[in-house]
Amino acid sequence: MLPLADDYGRVATDLRVSLTDRCNLRCTYCMPAEGLDWLPLESQLTDDEVVRLIGIAVERLGVREVRFTGGEPLIRRGIVDIVRRTAALEPRPETSVTTNALGLARMAVALQEAGLDRVNVSLDTVRPETFHTITRRDRFDDVAAGLEAAQAAGLGPVKVNAVLLRGINDDQAPELLAWCLERGYSLRFIEQMPLDAQHGWNRDQMVTADEIQSQLESQFVLLPAVEPRGSAPAELFLVDGGPATVGIIASVTRPFCGSCDRVRLTADGQVVNCLFAREESDLRTAMRAGAGDEELATRWLAAMAKKLPGHGIDDPSFLQPDRPMSAIGG
Ligand code: SAM
């Protein structure tokens, strides 16, 4: 087993696998109303190819956690089988899905039976009209049903991820937390990052972690949770004495690159060693040209070694990566 180490001593053990760049929502801060130029299907990895690369990561490169994402991973036709084959790997990795939860009500039991451990559901508001404004779709009830089904199927602890947007839902943090607490979901707020397809992100407009914390503190008592943070991006707080917690992920204002343990594989088989990397390493072409597992593992190790020390958003020379979050795998 060779660890996916970089030149700064970090080791990636958490693999995010994008199963598709397509999505059935059109969140304004992610992509335009008309969608994007999707990857041609022939450049997307087949189910066998995805499982083969995950197998190399788990069995040869020390990956211990596999999270499926996208685009929207639940619209990938083979997802249940991909999860089943991933959960059957040795040593068995932890498996989770980051999803908008559309269709989860229908799929939660099948995913759990296939070996899925947990879900992270993205939900930025609990007001149906704000949901429509943000996602350009009228599907709040489907997301709520998906969350309920995930909880009932034992895909817990169910996590909810929320992004606050200036002038749209920036006053809704406390009600989102109250809604999640009532249902036993674990909520985490994430600062908006410069990863939108439209390149419209503006730091001055961003709702900061400090702002989110003080908004929550207007209605809840937050105390720093004592558990060690490790490589987890969220700063965790006990809510009203606990045991419930809320997390705040300050990706922009308090970056945690020094403890990053993540690596990404795009739906078209590129290794991306950082969400903000401007270089990708192509495993698909080598695999389709007949490369063996050992050669693919060697290429993956080389891709990780050159991971930069930080995302550099604050650097005057910062350039957004060419592909948006939805294509890299959020
Ligand atoms: N479709 C799935 C979902 O909704 O969870 C997975 C992909 S989506 C790109 C993953 C996460 O990225 C979502 O929680 C979404 O809110 C978040 N996201 C998208 N663009 C973002 C941005 N510019 N900054 C921060 N988070 C972003």
Side-chain angles (χ1 to χ4, degrees), residues 16-32 35-36 38 66-76 79 96-104 107 111 118-125 130-131 133-137 139-140 142-144 146-147 150 155 158-166 168-170 172 176 180 185-203 205-209 212 233-234 247-253 255-256 262 264-267 272 274-276 311 313 318 320-321 323-330:
R16 311 279 162 110
V17 179
S18 173
L19 292 181
T20 174
D21 60 332
R22 295 163 199 241
C23 193
N24 41 12
L25 292 181
R26 291 287 181 273
C27 301
T28 52
Y29 60 93
C30 192
M31 63 173 76
L36 298 166
W38 311 122
V66 179
R67 177 175 301 175
F68 297 101
T69 180
E72 174 45 48
L74 297 190
I75 62 180
R76 169 87 182 220
I79 185 171
S96 57
V97 167
T98 298
T99 171
N100 61 29
L102 297 186
L104 189 55
M107 296 172 70
L111 286 165
R118 289 184 292 103
V119 293
N120 282 26
V121 171
S122 304
L123 178 64
D124 303 326
T125 175
T130 310
F131 184 91
T133 304
I134 294 175
T135 67
R136 303 184 172 108
R137 300 286 186 272
R139 304 291 300 274
F140 172 75
D142 296 314
V143 177
L147 276 162
L155 291 171
V158 171
K159 291 189 182 166
V160 172
N161 294 337
V163 176
L164 294 184
L165 306 165
R166 184 74 61 205
I168 297 181
N169 63 343
D170 56 348
Q172 297 183 21
L176 198 46
C180 288
Y185 308 146
S186 176
L187 175 65
R188 298 172 321 161
F189 291 94
I190 307 177
E191 280 179 344
Q192 192 187 356
M193 295 177 280
L195 286 169
D196 56 315
Q198 307 93 308
H199 290 224
W201 181 86
N202 175 344
R203 186 171 185 141
Q205 286 289 309
M206 189 189 78
V207 181
T208 65
I212 297 166
I248 304 182
I249 303 181
S251 327
V252 177
T253 58
F256 35 86
R262 279 167 284 282
R264 291 178 157 80
L265 180 67
T266 64
V272 180
C274 164
L275 253 182
F276 295 92
H311 59 42
I313 293 176
F318 174 77
Q320 210 174 308
R323 296 217 258 187
M325 179 99 146
S326 59
I328 304 166

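Ligands are counted one by one from 1 in listed order, and the atoms in each one are counted from 1 as well.
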Under 3.5 Å donor-acceptor, Asn169 side chain and Val163 backbone: yes
All side chain to side chain contact (heavy atoms under 4.5 Å, CB included) counterparts of Thr208, not counting sequence neighbours: Glu191, Met206, Asp210, Glu211, Thr253
Test side chain to side chain donor-acceptor pair (under 3.5 Å) applied to Asn100 - qualifying residues, sequence neighbours left out: Asn24, Glu72
Ligand 1: protein residues within heavy-atom distance under 4.0 Å: Tyr29, Cys30, Thr69, Gly70, Gly71, Glu72, Thr98, Thr99, Asn100, Ser122, Val163, Glu191, Gln192, Met193, Met325, Gly330
Any donor-acceptor pair under 3.5 Å from Arg26 side chain to Arg136 backbone: no
Any Thr99 side-chain heavy atom under 4.5 Å of Val121 side chain: yes
Set of residues satisfying side chain to side chain contact (heavy atoms under 4.5 Å, CB included) with respect to Asp142, sequence neighbours excluded: Leu102, Arg139
